[in-house]
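In this text, all values refer to a predicted model and were calculated from it rather than measured experimentally. In what follows, chains carry the letters A, B, and so on, assigned in the order in which the sequence lines appear, proteins first and then strands, with residues in each chain numbered from 1.
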Amino acid sequence: MKNQEISGIFNAIADILEIKEENRFRIRAYRRAAFNVSAVTVSLDDLARQGALETIPGVGKDLSDKIREYLTTGKISFYEDLKKEVPPAVLEFMSIQGVGPKTAMLFYSKLGIKSIKELREHAALGEIKDVPGLGEKTIENILRGIEFLEKASKFTLLSDGMRISEAVIRQISLAPGVKKIEVAGSTRRAKETIGDVDILASSVTPEPAMEAFIKMPEVKEVLAHGPTRSSIITAENVQVDLRIVPPGSYGAALAYLTGSKAHNIRLREIAVKKNLKLNEYGIFRNKDNKKIASSTEKEIYEALGLAPVQPEMREDQGEIEAALKHAIPDLVTLKDIRSDLHLHTTASDGSASMEELAEACSKKGYTHIVITDHSQSLKVARGLDPARLKEHLKKIDALNKRIKGLRILKGAEVDILADGSLDYDDSILERFDFVIGSIHTGFKQPKGLLTGRIVTAMKNKYLNMIAHPTGRLLGKREGYEIDIPEILKAARGTNTALEINAYPERLDLSGMNCRLAKDAGVMIGIGTDSHRLGDLDYMTLGVRTARRGWLTRKNVLNTLTLQAFLKKIKK
DNA sequence: GCCGTTTTCGGCCCGACTGTTTTCAGTCG
């Protein structure tokens, strides 16, 4: 998809316009469009064909023309011309944390530096001096910024963000004076990858907590340290920000710090129209600066005439409009989950036995689970051939007789072969209660072929769900090229569910794709794809992803009772 | 450059921290 390319160009245009000190609202318009274009999950080609480019928020006549120009010619002439006005080095400098357009331009124009490498050499040798505005501290920070740029992971997985935030909260909550503390930012929104970790606390005496924060053992570097905000880098190169506000401002601060930025801007715009001002301390009347809401998020939304919006929905992707109409869906929660639909045992490549899994799932309060070991052709994962499978299924029968309160369903994760056929014959498939189909080979096939393979598989009457439908591995591999609308149409037509694979580096389907599935009337099943007992806890990630896709209980197979589940799935 | 139950023109979110500056610009979120 060209969405990311175009988003990148719009951001680059914004950078250049910033250097040129153009109208800041024009710059913001490009940034907003870049953000929204990257969030669109259908291809811009398809949107352009339908004449629907201008339905993307922040894309009007001019930008839709530019998108069409890129789609037909592969270039945007405005951008090509703009690039000639600004040396590439200056744009490169702006990728360093703490270096904005002004400083970047200074390096180039006053010092003639032409690359980050050169910049580092000059800075290290102490050759950047006597330039107005660039003191010793600034140089030091720039060197650190370069180091961070080279070393830091570009993003952090949600699961890591959750782990880090929990560790920080555990420590800071012990500091004297801390009333409330919780994670905010993209981790609270459950974005699949996060930039940094934001923590919010309330206290009337923030100093001890701030002290404790910058002195945590995992702190590698303190980036900023103030009475209300501090930033650190951890040993694993993740930035963590701690913000501390008075207890009375907690709700406003939580809303502010949770974001997203786009969502916040919309809220503040609504406030402005009501002659109010919204910031992290509360909502204030313009006429007398009187605070009218601040202590809870609910108060904030209500003061703006909005229904409260769940954190996972706060992306300015239609939730503001839904909140204005008081039509926020009642999102699925972890408590609604009665089953795990994707589990591996020692029979194939899992490390936990069927008994161990059953016991652990029983403790989670599930009423049923599906054991889904790999099929025969996936040799690397010890896929089950028909003979071993026969014994495996017997074991499930035996275990079902022994245990109470949990039903173990017979399932399999069956490879979808190159021609779209499944890795077991129908005579075998009919013995399962629930069959999951997976693409494990031929990722690089062209879009049409891959889509056709999946559609063919869905037409098999024994196939109940497609596992990790796009095959993405966050940070390692883009999803394979598939035609999502066509997959959804076929899924709907064949009563095949699509999976949210809850593995931290998959979270596939994504929240946005879940929304499309919901709109298309396609059921979603959440599977942890557990290979170890501990993996069962990934269900949280799956549910959070479902919430990002606006899913309610009725969109998710795992919320059904055993009886309703068996009735709902394909026979 | 976008956008409109007060508008097709004239608005466009708001504050913290840093560094080098003596009152504020730059950067970030």
Item to check | Same-atom distance (P) from B:dT23 to B:dC28, integer angstrom | outcome: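 To the nearest whole Å, 25 Å.
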Item to check | Side-chain heavy-atom pair A:L331, A:M313 within 4.5 angstrom cut-off | outcome: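 With C-beta onward as the side chain, the pair touches.
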Next on the checklist: When the C1' atoms of B:dG10 and B:dT6 are compared, how many Å lie between them, rounded to an integer?
Outcome noted: 14 Å
Checklist entry - What's the CZ-P distance between A:R24 and B:dA25, to the nearest Å? => result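 Whole-Å distance recorded here is 13 Å.
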Checklist entry - Does the side chain of A:R31 come under 3.5 Å of the side chain of A:N11 through a donor N or O and an acceptor N or O? => result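 Per modelled atom types, A:R31 and A:N11 side chains form a pair under 3.5 Å.
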Checklist entry - If you measure from NZ on A:K291 to OG on A:S249, what distance do you get to the nearest 0.5 Å? => result 4.0 Å
Checklist entry - Within the structure shown, what part of the strands sits under 4.0 Å from A:T103 by heavy-atom distance: base, sugar-phosphate, or nothing? => result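 Contact class for A:T103: sugar-phosphate only.
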Next on the checklist: Taking the six-membered ring of A:F78 as reference, does the cationic atom of A:K66 (NZ for Lys, CZ for Arg) lie under 6.0 Å from its centre and within 45° of its axis?
Outcome noted: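 Because its charged atom sits under 6.0 Å from the ring centre and within 45° of the axis, A:K66 does stack over A:F78.
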Next on the checklist: Classify A:L106 by what it touches in the nucleic acid, base, sugar-phosphate, or nothing, heavy-atom distance under 4.0 Å.
Outcome noted: nothing
Checklist entry - Does A:L63 or A:R243 map to a spot on DNA chain B nearer the 5' end, using the closest nucleotide for each? => result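 Closest to the 5' end, via its nearest nucleotide, is A:L63.
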Next on the checklist: Between C1' on B:dG29 and CZ on A:F35, what's the gap in Å once rounded to a whole number?
Outcome noted: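 Nearest whole value for this atom pair: 13 Å.
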Item to check | Euclidean distance for C1', B:dC3 against B:dA16 (whole angstrom) | outcome: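 The same atom, C1', in both gives a distance of 30 Å.
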Next on the checklist: With nearest nucleotide decided by heavy atoms, which residue, A:G226 or A:K61, maps closer to the 5′ end of DNA chain B?
Outcome noted: A:K61
Next on the checklist: Please classify the nucleic acid contact of A:K274 as base, sugar-phosphate, or nothing, using heavy-atom distances under 4.0 Å.
Outcome noted: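 Here A:K274 touches no strand at all.
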Checklist entry - How long is the line joining CZ of A:R26 and P of B:dG11, in whole Å? => result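 My rounded result for the distance is 20 Å.
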Item to check | Steps toward salt bridge (Lys or Arg N to Asp or Glu O under 4.0 Å) verdict (A:K298, A:E302) | outcome: CA-CA 6 Å; A:K298 188 161 174 273; A:E302 281 169 0; 3.4 Å; yes
Checklist entry - Under 6.0 Å between the ring centres of A:F93 and A:Y108? => result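 Centroid separation for A:F93 and A:Y108: 6.0 Å or greater.
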Item to check | B:dT22 to B:dG11 separation - C1' atoms, rounded to the nearest Å | outcome: 35 Å
Next on the checklist: Please report the distance separating the P of B:dG15 from the corresponding atom of B:dT20, rounded so that it comes out in whole Å.
Outcome noted: 26 Å
Checklist entry - Can you tell me if the side-chain N/O atoms of A:N141 get under 4.0 Å from OP1 or OP2 in B:dT18? => result no
Next on the checklist: Using modelled atom types and a 3.5 Å cut-off, is there a donor and acceptor pairing between side-chain atoms of A:S165 and backbone atoms of A:V183?
Outcome noted: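 Not at all, since once roles are kept as given, no pair shorter than 3.5 Å links the two residues.
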Checklist entry - Can you find a side-chain donor-acceptor pair between A:Q239 and A:E221 that sits under 3.5 Å? => result no
Item to check | Where the chi angle of B:dT7 falls, syn if within 90° of 0 and anti if not | outcome: syn
Item to check | Side-chain donor-acceptor contact under 3.5 Å, A:S231 with A:D241 | outcome: yes
Checklist entry - How close or far is atom P of B:dC3 from atom OH of A:Y30, stated in whole angstroms? => result 13 Å
Checklist outcome for this item: Rounded to whole Å, NZ of A:K137 lies from P of B:dT27 at a distance of 18 Å
Next on the checklist: Work out how far the P atom of B:dT21 is from that of B:dG26, and round it to whole angstrom.
Outcome noted: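 Their P atoms lie roughly 13 Å apart.
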Checklist entry - For the side chain of A:P101, counting heavy atoms from C-beta on, which of B:dC17, B:dC13, B:dT27 is nearest? => result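 In terms of side-chain proximity for A:P101, the closest of B:dC17, B:dC13, B:dT27 is B:dT27.
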Item to check | Listed nucleotide nearest any side-chain atom of A:N23, set B:dG29, B:dG1, B:dC14 | outcome: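 Nearest listed nucleotide: B:dG1.
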Checklist entry - Counting only side-chain N and O atoms of A:Y281, is one of them less than 4.0 Å from OP1 or OP2 of B:dC13? => result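 Indeed not, no polar side-chain atom of A:Y281 lies that close.
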Checklist entry - Looking for any heavy atom pair under 4.0 Å, which part of the strands does A:K273 touch: base, sugar-phosphate only, or nothing? => result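 Contact class for A:K273: base.
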Next on the checklist: I need the CD-P distance between A:E269 and B:dG4, as an integer number of Å.
Outcome noted: 10 Å
Checklist entry - Cut-off 3.5 Å, side chains only: do A:R314 and A:S260 have a donor facing an acceptor? => result no
Checklist outcome for this item: Using Watson-Crick geometry (N1-N3 plus N6-O4 or O6-N4) or G-U wobble (N1-O2, O6-N3), each under 3.5 Å, B:dT8 is paired with none
Checklist entry - Atom CZ of A:R268 to atom P of B:dC12: distance rounded to whole Å? => result 14 Å
Next on the checklist: Expressed as a whole number of angstroms, how long is the span from A:F25:CZ to B:dC13:P?
Outcome noted: 6 Å
Checklist entry - For A:T138 and B:dT18, is the shortest distance between a side-chain N/O and OP1 or OP2 below 4.0 Å? => result no
Checklist entry - Expressed as a whole number of Å, how far does the P atom of B:dC14 sit from that of B:dC9? => result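 Comparing P positions in B:dC14 and B:dC9 gives a spacing of 25 Å.
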Checklist entry - To the side chain of A:N279, which of B:dC17, B:dG29, B:dC14 is closest? => result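 Ranking B:dC17, B:dG29, B:dC14 by closest atom to the A:N279 side chain puts B:dC14 first.
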Item to check | Proximal nucleotide (of B:dT27, B:dG1, B:dG15) relative to the A:A29 side chain | outcome: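 Between B:dT27, B:dG1, B:dG15, the one nearest the side chain of A:A29 would be B:dG1.
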Next on the checklist: It should be established whether A:Q239 places a side-chain nitrogen or oxygen under 4.0 Å from OP1 or OP2 of nucleotide B:dC28.
Outcome noted: no
Item to check | Close residues, residues 245-266 of chain A, relative to DNA chain B [heavy-atom separation under 4.0 Å] | outcome: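 Residues of residues 245-266 of chain A that come under 4.0 Å of DNA chain B are, in numerical order, A:Y256, A:K261, A:I265.
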